[in-house]
Amino acid sequence: EGTFSPNRLVMLYVGCNASVHIAAVLYIFQVVFRARGASHEDLGLSTRNLLKNIGRGISAYVMCLPLLLLSTEWSRIFLKWMDWTVERQSIAVLWQKAESVPLIIMIALTTAALAPVTEEIFFRGFLQRVVRHRVGEYATILITAVLFAAVHRNLQYFLPLAILGA
């Protein structure tokens, strides 16, 4: 009595994580819309050509997949050579601890939908546009890609995440 089961702790963590993502998106909308009088299209959000854009995104990902796999393997070999141990990502641990279908659905929605959409809105829709006004286009891509990888706090996947964030 009075203690949380591991399943409830995981659900609480995932719920807090989802809340942070939603709050971040709402804050970005607040900053962009209210402070600048901009529209959702200024964040790269538009329903125009939606299916075409989704197709382009999937195609770009598939084309990058060999480079992502190669960079992942290179990172693994390099870290092993350096004798660095890498902790498992917290989301992998959460997946292992999930014991109920609602929790698995909640983790899946957070990691496969909510987090990527939030990241896209923040890194590509907001941060890239802000940084681009201060530095050139290539520097903007490099800066936001490195920040994207750093936010994930995983040394083993830093290079693949930077490529994905570019």
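Computed over heavy atoms, backbone and side chain alike; hydrogens, waters and symmetry mates excluded.
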Determine whether [X] and [Y] fall in the same hydrophobic cluster, where Ile, Leu, Val, Met, Phe, Trp and Tyr are linked whenever their side-chain heavy atoms lie under 4.5 Å apart.
X: Leu69; Y: Leu79; value: yes
X: Val130; Y: Ile141; value: no
X: Val62; Y: Leu70; value: no
X: Trp84; Y: Trp74; value: yes
X: Leu147; Y: Tyr157; value: yes

**OP:** Please report the closest heavy-atom contact between Arg124 and Gln128, naming both atoms and the distance.
**Re:**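 Taking every non-hydrogen atom into account, O-CB, 3.6 Å.
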Original post:
Which pair of non-hydrogen atoms, one from Phe158 and one from Ala149, has the smallest distance, and what is that distance?
Top reply: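 The pair with the smallest heavy-atom distance is O-CB, 3.3 Å.
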Nearest 0.5 Å, please: how far is [atom2] in [Y] from [atom1] in [X]?
X: Ile107; Y: Leu114; atom1: CD1; atom2: CG; result: 13.5 Å
X: Leu161; Y: Leu68; atom1: CG; atom2: CG; result: 8.5 Å
X: Phe126; Y: Thr144; atom1: CZ; atom2: OG1; result: 13.0 Å
X: Leu109; Y: Ile104; atom1: CG; atom2: CD1; result: 12.0 Å
X: Arg56; Y: Leu51; atom1: CZ; atom2: CG; result: 12.0 Å
X: Met82; Y: Ile77; atom1: CE; atom2: CD1; result: 14.5 Å

Original post:
What class does the angle between the rings of Trp81 and Phe78 fall in, given that below 30° is parallel, 30 to 60° is tilted and above 60° is perpendicular?
Top reply: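 Geometry flag for Phe78 against Trp81: tilted rings.
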**OP:** Evaluate the side chain to side chain contact (heavy atoms under 4.5 Å, CB included) criterion for residues Phe123 and Val151: first the C-alpha distance (whole Å), next the side-chain angles of each, then the deciding distance (0.1 Å), finally the verdict.
**Re:** CA-CA 11 Å; Phe123 285 98; Val151 163; 3.8 Å; yes
**OP:** Output all residues satisfying salt bridge (charged side-chain N to carboxylate O under 4.0 Å, His left out) with Arg76, sequence neighbours left out; order by chain, then residue number.
**Re:**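 For Arg76, the residues satisfying salt bridge (charged side-chain N to carboxylate O under 4.0 Å, His left out) (neighbours in sequence not counted) are Glu73.
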**OP:** Enumerate the residue pairs fulfilling side chain to side chain donor-acceptor pair (under 3.5 Å) with a member in residues 58-72, sequence neighbours excluded, ordered by first and then second residue.
**Re:**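 The answer is none; no pair qualifies.
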